[in-house]
Amino acid sequence: MSNRTVVITGANGEIGHLLLETLSAAKATIIAVDLTPLSEYHTSLCEEVIVGDICDDEVIRDIEKYDINEIFHLAAILSTSGEKNPERAHHINVDGTMNFLQLAYRIGKRTGNAVKMLFPSTIAAYGVPNLSIKNSAKPAKELDFTSPFTMYGINKMYNEQLGRYYSDCYKRLSPTKESGFVDFRALRFPGLISAFTIPTGGTSDYAPEMIHNAAQHKPYACFVRPDATIPFMAMPDAVKALLGLAAAPLSALTQRVYNVTSFSPSAANIAEMVTSEFPEALITFEPQQQRQEIIDSWPAEVDDSQARKDWNWHPDFSFTATFKDYLIPNIRAHYAK
Ligand code: NAD
Ligand code: SER
């Protein structure tokens, strides 16, 4: 029996499902929060499921009764949805995160144990000024290209700073010690690809959409150019990264925000791989200018050497292994049901 009590916000999302299953297998006590109700199966893995809004004070009060060790704060409005309603994105992404940072601080202070807050940041936190710079740039390090283009990217970048503030600088003029009760750790994820879920509201969605449509024998019009290139990662590696960073001793960490990456195919490379597995797939390219501009502002490659060095990060799935060992067998089984 683990004595680890964790909160997962956004537990009903793509990452949430696999993280919930993995933490449940590790015998964690799980409090799940989402706007939408979890399936019966996922509910059965939790101590409590709170169906509600991360911006709602009542939701926060419900969680505060637990002596939480870790918060995996996944709930967010992603990049494309955020551009459709920037004010809503700001409210949920920033105010919602503030609520959980303050909650972590109060629980940490009450229990005397710092609450770890694991935060999925994103390649959208980067803003590469133009395509020619993108095409000639080295893999982006964490402090490169710090002017993101989207509301989502701006929210994530600001949240990274808020997390660092609550961990290391909170109320620095107070006569009592107030920092050290929150241990914020963030990963800048690339686009994620799951065999089991089709994302909504992101801009990296063209890759999973291409694959899942082919598996269902549906034609797919890709909304970015064939040469569009950003980093991607298989979903099991994303959960591995979250749990790896959570497990790292604080003394090993030289920064609170880490890049992690796996492979950087162009949209054409993905289409070729998909058609090699599903020869009847009908994939066309119909770029949408606004979404293309978002992808063009994200680096083609990121440098995750600091994560590799500090907490021994490495992905298990290369581009080929993501398809051959993870996506194709699971997707075929999934749609055969
Ligand atoms: P998702 O959209 O599948 O899941 C997000 C979940 O959050 C949803 O279940 C949604 O109902 C919930 N949610 C949204 N607003 C909420 C609110 N106000 N209160 C409570 N719940 C709310 O997204 P995901 O792919 O699982 O992403 C999880 C996190 O990882 C997000 O923070 C996202 O920014 C980050 N991330 C994802 C990717 C990716 O490619 N999927 C890449 C980088 C970072
Ligand atoms: N996959 C995410 C998005 O496209 C990146 O964080 O919004």
Side-chain angles (χ1 to χ4, degrees), residues 7-20 31-39 42 49-60 62-63 71-85 88-100 117-126 148-157 159-160 163 186-194 196-209 223-224 228 230-235 237-239 241-242 257-262 291-292 294-295 297-299 302:
V7 172
I8 306 176
T9 74
N12 212 17
E14 286 210 283
I15 303 179
H17 282 182
L18 185 59
L19 181 65
L20 182 51
I31 322 303
V33 185
D34 205 291
L35 275 180
T36 57
L38 273 61
S39 67
H42 285 115
V49 175
I50 299 170
V51 179
D53 191 324
I54 54 167
C55 299
D56 182 347
D57 290 344
E58 209 173 308
V59 167
I60 302 296
D62 276 355
I63 302 170
I71 297 171
F72 292 84
H73 177 46
L74 310 182
I77 302 299
L78 278 76
S79 56
T80 291
S81 301
E83 289 312 283
K84 291 181 183 158
N85 191 341
R88 177 164 179 265
H90 185 278
H91 177 54
I92 292 172
N93 294 348
V94 175
D95 298 337
T97 300
M98 270 293 278
N99 280 348
F100 278 83
M117 181 147 154
L118 276 295
F119 181 72
S121 190
T122 163
I123 39 163
Y126 289 106
F149 283 27
T150 59
M151 176 56 92
Y152 169 73
I154 291 167
N155 298 159
K156 290 284 188 176
M157 165 74 81
N159 286 341
E160 292 175 2
L187 291 166
R188 286 210 188 137
F189 278 133
L192 303 178
I193 310 176
S194 166
F196 303 101
T197 47
I198 309 177
T200 49
T203 316
S204 60
D205 294 1
Y206 60 89
E209 284 174 357
F223 58 80
V224 293
I230 57 166
F232 283 98
M233 179 180 283
M235 192 58 82
D237 273 333
V239 169
L242 276 170
V257 179
Y258 287 93
N259 281 339
V260 283
T261 189
S262 293
R291 291 181 101 186
Q292 180 70 60
I294 294 174
I295 290 294
S297 76
W298 297 351
V302 298

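First listed ligand is number 1; within each ligand, the first listed atom is number 1. Only this structure's heavy atoms are used, side chains among them; waters, hydrogens and symmetry mates stay out.
By the 4.0 Å heavy-atom criterion, Gly191 is counted among the residues contacting ligand 1. Using a 4.0 angstrom heavy-atom cutoff, Ala238 does not count as in contact with ligand 1. Not a single heavy atom of Thr9 sits under 4.0 Å from any atom of ligand 1. Distances shorter than 4.0 angstrom do not occur between any heavy atom of Ala124 and any atom of ligand 1. Within the 4.0 Å heavy-atom shell around ligand 1 one does not find Val33. Assignment of Phe119 to the shell around ligand 1 is not supported, since no heavy atom sits closer than 4.0 Å. At least one heavy atom of Ser121 sits closer than 4.0 Å to an atom of ligand 1.
Across Leu38, Leu78, Asp53, Asn12, heavy-atom proximity to atom 2 (O) of ligand 1 is greatest for Leu78. Ranked by closest heavy atom to atom 14 (C) of ligand 1, the top entry among Ala32, Gly10, Ala76 is Ala76.
In terms of N/O distances under 3.5 Å, ligand 1 is not approached by Thr200. Where the criterion is an N or O separation shorter than 3.5 Å, residue side chain and backbone included, Ile92 fails it with respect to ligand 1. Considering backbone and side-chain N/O of Gly16, none are found under 3.5 Å from N/O of ligand 1. Residue-to-ligand polar distances place Glu14 within reach of ligand 1: an N/O pair is separated by less than 3.5 Å. Polar contact with ligand 1: present for Leu74 (N/O pair, distance under 3.5 Å).
For ligand 1, the atoms closer than 4.0 angstrom to any heavy atom of Lys156 are 31 (C), 32 (O), 33 (C), 34 (O). Ligand-side atoms of ligand 1 in range of Ala75: 7 (O), 13 (N), 21 (N), 22 (C), range being under 4.0 angstrom from any heavy atom. If you number the atoms of ligand 1 from 1 as listed, the ones under 4.0 Å from a heavy atom of Phe189 come out as 42 (C), 43 (C), 44 (C).
Residues satisfying the salt bridge (Lys or Arg N to Asp or Glu O under 4.0 Å) test with Glu14, not counting sequence neighbours, are none. The ring-ring contact (aromatic ring centres under 6.0 Å, His included) test applied to Phe100 returns His73, not counting sequence neighbours. The ring-ring contact (aromatic ring centres under 6.0 Å, His included) search around Phe223 returns Tyr206, not counting sequence neighbours.
Protein residues having at least one heavy atom under 4.0 Å from any atom of ligand 2 are Leu78, Ser79, Thr122, Tyr152, Gly202, Thr203, Ser204, Trp298, listed by chain and number.
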